[in-house]
Chemist: 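Below are the structure tokens for one structure; questions will follow.
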Amino acid sequence: MDQQLPDLLADLTNAQREAVSHMDGPLLILAAAGSGKTRVITRRVAWLLQQGVRASNILAITFTNKAAGEMRQRVEDLVPGNRVMIRTFHSFGATMLRQYADRLSLDRNFTIYDSDDRNKIVKQAFEATGMDNTSFTPERIGGAISKAKNKLILPDQYGRESSDFFTQTVARVYPIYQKKLRDANAMDFDDLLFLPALALKTNAELRAELDARFRYVLIDEYQDTNQAQYELARKLSMDFRNLCVVGDPDQSIYGWRGSDIKNILDFETDFPDTKVVLLDKNYRSTQAILSAAGSLISHNKYRKKKPLITDNERGDPVRLWSYDTGLDEANQIAGRIKQSVANREYRYGDVAVFVRINALTRSLEQAFAKHGVPFQIVKGFAFFDRKENKDVLAYLRVIVNPHDDLSFTRIVNEPARGIGKTSVEHLRRFAEENQLSMLQACAHVARITEIKGKAAIALKNFAAMIAQLQTKLELQPHEIIEEVIDKSGYREMLHAGKNPEDEERLANIEELISAAREYGEGNAAGTLGDYLEQITLASDVDGWNDQQDCVSVMTLHSSKGLEFPIVHILAVEEGILPHQRSMRSDSPDELEEERRLLFVGMTRAKKQLHLSHARNRDFRGQFLLAVSSGFLNELPSDEIEHHAETRHANRTLSHDMYRGGSKQADDAWDDTGVSRSGAVVNTIKTDAGVEYFEGQIVQHEQYGIGQITSVGGFGALRKLKIRFATQGEKTFVAEKVKLKVVARK
DNA sequence: AAACCGGCCATTTTT
DNA sequence: TGGCCGGTTT
């Protein structure tokens, strides 16, 4: 080997070396959490280059753009100046669609619609079917279409397989939805996988070409691929079967959006001569953390059994915290972090807080602010969701893609130009009848008799302004934004400033401009279209700055692939983790996925792991009962240290701060059937032998967690009143109702 | 045409 | 709790 090249294998374990230096043929790397997976992939890319494989023949797929960037950097450090394509699946799909647009009869300037856009188009498509209002939300119908695309089901195929009313509805919406997207020259997220996968399936020539172009394909987080992604991977690896996939079935957490854990479990069947490498040693976490995580995940039935091993020290026990309220939880965690940093035990940047749902970040935000703890919420681009920024982006979209009627409608009267709803509807109808985009239709506004003088002139002027802006397309993105807010009158509108928040809006746009400028500096060749694509395809973690010394707050899903010395996981409670929606008795898979989600969160921790729950939680403005998650009972007691942070001293005071219910909830905490006051409560026993009593906490299939507020009646008429966490109070016949008594320890 | 108001609703996770 | 829709007023 050339002495000047870095020795890429020297510091690896045997298993890692085997994975890195495998040359041709399919390769499956089963990599347990913390087993040095990223290192192996980057090393492997570098090793292939060192063996003389051309950079342009390698394709590496990661799960987030951030991961792609990091991998690019690490490969660059090992083999400077290479041009390996490292992308997310979606970004790869978008690139292919643009690159081969002509051969696929597509317009390469397509807009990428996000889920908000998608739901709006679904709504329009639903209305176009002429069906009556059903109870199906656009989100639900859109979700079904998304799943169909992930399974590569075409609009007309969907109709043939539809049976019940919901799928029949979807079957009617789906074709119209898809046509609307094509008319607007827009792709939804799923199209970025769906269309390339279909193209590779039906266009043999293109498939062979791309297969030869990407001779070596590496895919990270393979356990989270869906059928469309699977198809892409396969079709790129038929003539050149050098497909390397890396993943861990125990970390599959995207089943809800169509990913199929079978892809990784069946890989060896799909590729019979697969070489399998097991990376099972963990280099990340302490023994205590691993043993707790391992004990939890061993409760999953649908799973290959495998031990979690490490040479690391035992370390601190996993700490389990009980709080009276969610507010206490947030405040005490903030306080303890602050104290530990003051004691120089660790830095703020070492700490991460994970939550199951985004709504839970709010209390943390307040608590951290109150205690003066620096933090960042990894909800990356909430910034681009602000109205003013969405408006500006809509202008940019229309400039790049004049067919984008959705964006056109958003901005045609923003700022107000005297173009009202009715005029816009007339324009839309005319455009539809004449197969034009709404922007194109503006040129023929004189022919639309319903649109009168003022509105007609305004539309003409609007179209002229867009045309004028389109001549600026070769400018840098941030310069175009400046043009947009000047020429459109947006800046003027905000400057006129009637509302106090106008100033803030202007500041937000300024921030958008500097973000665009920053983008331009890093991507000198980046067009406006590239910039828009980057924004739309950005994930939450892509906006996360890991250099800052502050606490990171994020969802468990976002935490995948990351690691932190100190990890807190909040609200490990029934209904939250596992989430209500996953607890239907007919879907054990979903419950297992929730368990994997907690497993992923736990295995992010290197040194300290804190799990917590509260007995009462503020949710949606209501103060509700909370019960610790059954998952906590699946942890090994000898690795766990319990901390009950109750506030007995000022219990009454704390209760006075909230609306009713919490006193009862506290009484209910004793599992004795006897309230704290000592009074015996009503108890009834059903014929099936189940005993119910007041104050007991139960779970109903449909309504979720609740507390029995009263029992009464005799014989077949015995009734239970149950107050549910989210559904209010309901009455049931004790013999009939199916309840699960929530067990606690 | 636009601003304003009040009621109703849902309410996981994300590219 | 707040975001959205639909209706009403100016």
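Note on naming: letters A, B, ... go to the chains in the order of the sequence lines (proteins, then strands), and numbering restarts at 1 for each one. Below, all heavy atoms of this structure are taken into account, side chains as well, without hydrogens, waters or symmetry copies.
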Chemist: Using a strict cut-off of less than 4.0 Å between a Lys/Arg side-chain nitrogen and an Asp/Glu carboxylate oxygen, indicate whether A:Lys66 and A:Glu70 qualify as a salt bridge.
Modeler: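 Between A:Glu70 and A:Lys66 there is a salt bridge, with a charged N closer than 4.0 Å to a carboxylate O.
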Chemist: Does A:Thr536 have a side-chain nitrogen or oxygen under 4.0 Å from the phosphate oxygens OP1 or OP2 of B:dT15?
Modeler: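 No, A:Thr536 has no side-chain N/O under 4.0 Å of OP1/OP2 on B:dT15.
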Chemist: Please report the distance, rounded to the nearest Å, between CZ in A:Phe89 and P in B:dT15.
Modeler: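 Spelled out: CZ on A:Phe89 to P on B:dT15 is 15 Å.
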Chemist: For a quick check of understanding: with a heavy-atom distance under 4.0 Å over all strands, which category does A:Ser115 fall into, base, sugar-phosphate or nothing?
Modeler: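 A:Ser115: base contact, heavy atoms under 4.0 Å.
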Chemist: Within this structure, what is the CD1-to-C1' distance between A:Ile451 and B:dA1, rounded to whole angstrom?
Modeler: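 Answer to the nearest Å: 15 Å.
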Chemist: For A:Glu425, run the salt bridge (charged side-chain N to carboxylate O under 4.0 Å, His left out) check against A:Arg428, A:Lys421, A:Arg429 and tell me which one passes.
Modeler: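 Only match with A:Glu425 under salt bridge (charged side-chain N to carboxylate O under 4.0 Å, His left out): A:Arg428.
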Chemist: Rounded to whole angstroms, how far apart are NZ on A:Lys454 and C1' on B:dA2?
Modeler: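 Taking NZ of A:Lys454 and C1' of B:dA2, I get 11 Å after rounding.
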Chemist: Mark this stacking check for A:His579 against B:dT12 as yes or no, applying ring centres under 5.5 Å and ring planes under 30°.
Modeler: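 Yes.
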Chemist: Output the rounded distance in Å from CD (A:Glu221) to P (B:dT13).
Modeler: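 The answer, rounded to whole Å, is 20 Å.
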Chemist: Taking the side chain of A:Thr422 as heavy atoms from C-beta outward, which of B:dT15, B:dA2, B:dA1 is closest to it?
Modeler: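 Given the options B:dT15, B:dA2, B:dA1, the side chain of A:Thr422 is closest to B:dA1.
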Chemist: Output all residues satisfying ring pair (Phe, Tyr, Trp, His ring centres under 6.0 Å) with A:Tyr100, sequence neighbours left out; order by chain, then residue number.
Modeler: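 With sequence neighbours excluded, A:Tyr100 shows a ring pair (Phe, Tyr, Trp, His ring centres under 6.0 Å) to no residue whatsoever.
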Chemist: Please report the distance, rounded to the nearest Å, between CG in A:Leu360 and C1' in C:dT1.
Modeler: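 Atom CG in A:Leu360 sits about 13 Å away from atom C1' in C:dT1.
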Chemist: May I have the distance from A:Met493 (atom CE) to B:dA2 (atom P), rounded to whole angstrom?
Modeler: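 My rounded result for the distance is 12 Å.
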Chemist: Check every atom of C:dC5, B:dT14, B:dA2 against the side chain of A:Asn413 and return the nucleotide holding the closest atom.
Modeler: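 Given the options C:dC5, B:dT14, B:dA2, the side chain of A:Asn413 is closest to B:dA2.
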Chemist: Would you say the ring centroid of A:Phe189 lies under 6.0 angstrom from that of A:Phe194?
Modeler: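 That pair fails the under 6.0 Å test.
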Chemist: Quick one: label A:Asn358 by what it contacts on the DNA or RNA (base, sugar-phosphate, nothing), any heavy atom closer than 4.0 Å.
Modeler: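 Contact class for A:Asn358: sugar-phosphate only.
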Chemist: Could you go step by step and tell me if A:Phe408 and A:Phe462 meet the ring-ring contact (aromatic ring centres under 6.0 Å, His included) rule?
Modeler: CA-CA 10 Å; A:Phe408 175 93; A:Phe462 179 76; 5.5 Å; yes
Chemist: Between B:dT14, C:dC5, B:dT13, spot the one nearest the side chain of A:Ile357, thanks.
Modeler: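 Closest nucleotide among those given: B:dT13.
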Chemist: Hey, is the side chain of A:Ser558 poking within less than 4.0 Å of OP1 or OP2 on B:dT14, counting only N and O atoms?
Modeler: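 So the side-chain polar atoms of A:Ser558 do come within 4.0 Å of the phosphate oxygens OP1 or OP2 of B:dT14, strictly under.
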Chemist: Select from A:Ile419 and A:Arg257 the residue whose nearest nucleotide in DNA chain B is closer to the 5' end of that strand.
Modeler: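 Result: A:Ile419.
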Chemist: Please report the distance, rounded to the nearest Å, between CG in A:Leu597 and P in B:dT14.
Modeler: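 So the CG-P distance, A:Leu597 to B:dT14, works out to 10 Å.
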Chemist: Rounded to whole Å, how long is the line connecting atom CD of A:Glu139 with atom P of B:dT13?
Modeler: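 Interatomic distance, CD of A:Glu139 to P of B:dT13: 13 Å.
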Chemist: How is A:Ser91 classified with respect to the nucleic acid when contacts are heavy atoms under 4.0 Å: base, sugar-phosphate, or nothing?
Modeler: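 The answer is nothing, as A:Ser91 stays clear of every strand by at least 4.0 Å.
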Chemist: Tell me which nucleotide among B:dT15, C:dG2, B:dT13 gets nearest to the side chain of A:Arg362.
Modeler: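 It is C:dG2.
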